[in-house]
Undergrad: 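Below is one structure. I have some questions about it.
Side-chain atoms are counted along with the backbone in the values below, which use heavy atoms only and exclude waters and symmetry mates. In the text below, chain A, chain B and the rest are named by the order of the sequence lines, each starting its count at 1.
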Protein chains: 2
Amino acid sequence: MPAATELQLLRFLPFRLNRLAVEVSQNLAQIYRQRYGIDVPEWRILATLGAEGRCTAQAIAASTRMHKTRVSRAVAYLREAGHVRVAGGTADGRETQLQLTPRGRRLYETLVPLALARERELLATLDPVLAAAFLEALDRLETALQLPRTEAALRAGRPEGPRQTARQTSGSTARST
Amino acid sequence: MPAATELQLLRFLPFRLNRLAVEVSQNLAQIYRQRYGIDVPEWRILATLGAEGRCTAQAIAASTRMHKTRVSRAVAYLREAGHVRVAGGTADGRETQLQLTPRGRRLYETLVPLALARERELLATLDPVLAAAFLEALDRLETALQLPRTEAALRAGRPEGPRQTARQTSGSTARST
DNA sequence: CTTCTATAGTTGTGATCGCAACCATCGTAG
DNA sequence: CTACGATGGTTGCGATCACAACTATAGAAG
């Protein structure tokens, strides 16, 4: 039997992970998309601020692993929409503390149960034993890939990874993702 | 204890899946990105054509769950690059059969072992029992979300799902993802 | 044969993403 | 006190993505 050159895309782990993640995200996003007018980046910020109380954009970026420009723009939107406000400056004049407005907190408290319900729904399709194994496997993969798994890990954390930009060679158009 | 309104983003399944998928994808993409000048959509097309021998753009779109425009453009690029060529028309004059060129097949045969190695590497961070459980869980989740898991499922398959477009309301800018 | 609806594939367009560059402030060194 | 490198945050810009609209062909109905 020769070295494996057989690859079924539908059985290929990276592909499956991508597909699953997209599906789950889209699925969940629809819940808060048109109904509440917020999108994934905004949702992540709400979730972070909702749990943390208050923190800087930088902290949000690190925690959500979103690019700081994405955070910046999503925060701008959320402020416009009245969900987030600046919670005064810090000793450090460069950074700005952010927090939810009452309106933002109401939204947060509306969304969290929906999100958790959806999560439970997903895990319910696995029996408890399998679900536990699945989460355990996730933990290990995250560890192997050095993804921060706790707040604590974050504070000590590695800086956000650079995203390679593509195909300067041989093509007329460059791409990424 | 009140209804759960606690949500740790870092422990939230959809977030974790997304993060993991992105990381794995990026990780893998770098292997073939600058070195071979192809990107995720192109890779998927190579993989499909490599395994299928020949098929239509439509079939590729269904199989990879990529939007048909994405397929169209990636195919255009691959044809320009000499990796893919038209393999004559069909009875149906609208569709075009595609297949790898020899050059494309060489690339395919270069990439597949790399991809499989990376996959094995990932799964190796889980011991065999856990890996099996993980894959089993993936299967079940895919089934629950009605994602096609085999070629056979595809042929009978549900049409590709529409991707909801976002936030027409209440904001000045609309977004998606 | 003509008409109407559905499908394969391409192109136009608006939106998001992330990198690079930028501005402002901090902290340290001279 | 001033100079300089580092960091928080914003903005410009190029690239991708997916939806909508379009072209062309297929197939059924009249």
Undergrad: Can you tell me whether the side chain of A:Arg73 and the base of C:dG18 have a donor-acceptor pair closer than 3.5 Å?
TA: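 Side chain to base: pair present.
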Undergrad: Let me spell it out: for each of A:Arg79 and A:Arg94, pick the nucleotide of DNA chain D with the closest heavy atom. Which residue's pick is nearer the 5' end?
TA: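 It is A:Arg94, whose closest nucleotide lies nearer the 5' terminus.
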Undergrad: Please give, in whole Å, the distance from D:dA20 P to B:Lys68 NZ?
TA: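 Rounded to the whole Å, the gap is 11 Å.
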Undergrad: For the pair A:Glu121 and A:Arg118, find out whether any cationic side-chain nitrogen is under 4.0 Å from an anionic carboxylate oxygen.
TA: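 Salt bridge between A:Glu121 and A:Arg118, a charged N being under 4.0 Å from a carboxylate O: yes.
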Undergrad: What contact category does A:Ala59 fall into here, base, sugar-phosphate, or nothing, at under 4.0 angstrom with non-hydrogen atoms?
TA: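 No contact.
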Undergrad: Do side-chain atoms of A:Gln30 reach the backbone of A:Asn27 as a donor and acceptor pair under 3.5 angstrom?
TA: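 Flag not set: sc A:Gln30 to bb A:Asn27 has no pair under 3.5 Å.
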Undergrad: Rounded to the nearest Å, what distance is computed from the CZ atom of residue B:Arg54 to the P atom of nucleotide C:dA8?
TA: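 So the two atoms are 18 Å apart, to the nearest Å.
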Undergrad: Within the pair A:Arg70 and C:dG18, is there a side-chain N or O less than 4.0 Å away from OP1 or OP2?
TA: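 For C:dG18, OP1 or OP2 has a side-chain N or O of A:Arg70 closer than 4.0 Å.
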Undergrad: Hey, does the side chain of A:Ser72 reach the backbone of A:Lys68 with a donor-acceptor pair shorter than 3.5 angstrom?
TA: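 Side chain of A:Ser72 to backbone of A:Lys68, a donor-acceptor pair under 3.5 Å: no, none is there.
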Undergrad: Does a side-chain N-to-carboxylate-O contact under 4.0 Å join B:Arg140 and B:Glu136?
TA: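 Between B:Glu136 and B:Arg140 there is a salt bridge, with a charged N closer than 4.0 Å to a carboxylate O.
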Undergrad: Whole angstroms only, please: what is the CG-C1' distance between A:Asn18 and D:dC17?
TA: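 Taking atom C1' of D:dC17 as the reference, CG of A:Asn18 is at 14 Å.
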Undergrad: Taking atom P of C:dT10 as reference, at what distance in whole Å does atom CD of B:Glu80 sit?
TA: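 After rounding, the gap between these two atoms is 13 Å.
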Undergrad: B:Glu95 has an atom CD; how far is it from atom P of D:dA24, in whole Å?
TA: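 Answer to the nearest Å: 18 Å.
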Undergrad: Between B:Arg44 and B:Asp39, does any NZ, NE, NH1 or NH2 come within less than 4.0 Å of an OD or OE carboxylate oxygen?
TA: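 Salt bridge between B:Asp39 and B:Arg44, a charged N being under 4.0 Å from a carboxylate O: no.
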Undergrad: Which nucleotide wins on minimum distance to the side chain of B:His67, given the candidates C:dT10, C:dG9, D:dC19?
TA: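 Among C:dT10, C:dG9, D:dC19, the one nearest the side chain of B:His67 is D:dC19.
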Undergrad: Return the nearest nucleotide to the side chain of A:Gln58; candidates are C:dA6, D:dG9, C:dT11.
TA: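 Of C:dA6, D:dG9, C:dT11, D:dG9 is nearest to the side chain of A:Gln58.
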Undergrad: Please state whether the base of C:dG18 and the side chain of A:Arg65 form at least one donor-acceptor pair under 3.5 Å?
TA: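 There is none.
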Undergrad: Check whether any side-chain N or O of A:Thr69 sits under 4.0 Å from OP1 or OP2 of D:dT10, and answer yes or no.
TA: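 Checking D:dT10 against A:Thr69, no side-chain N or O comes under 4.0 Å of OP1 or OP2.
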Undergrad: Distance check needed: D:dT11 C1' versus A:Tyr77 OH, whole Å only.
TA: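 From A:Tyr77 OH to D:dT11 C1': 20 Å.
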Undergrad: Which whole-number value in Å describes the distance from A:Asp92 CG to D:dG8 C1'?
TA: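 The answer, rounded to whole Å, is 7 Å.
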Undergrad: Whole angstrom is fine here: how far is it from CD in B:Gln26 over to P in C:dG18?
TA: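 From B:Gln26 CD to C:dG18 P: 9 Å.
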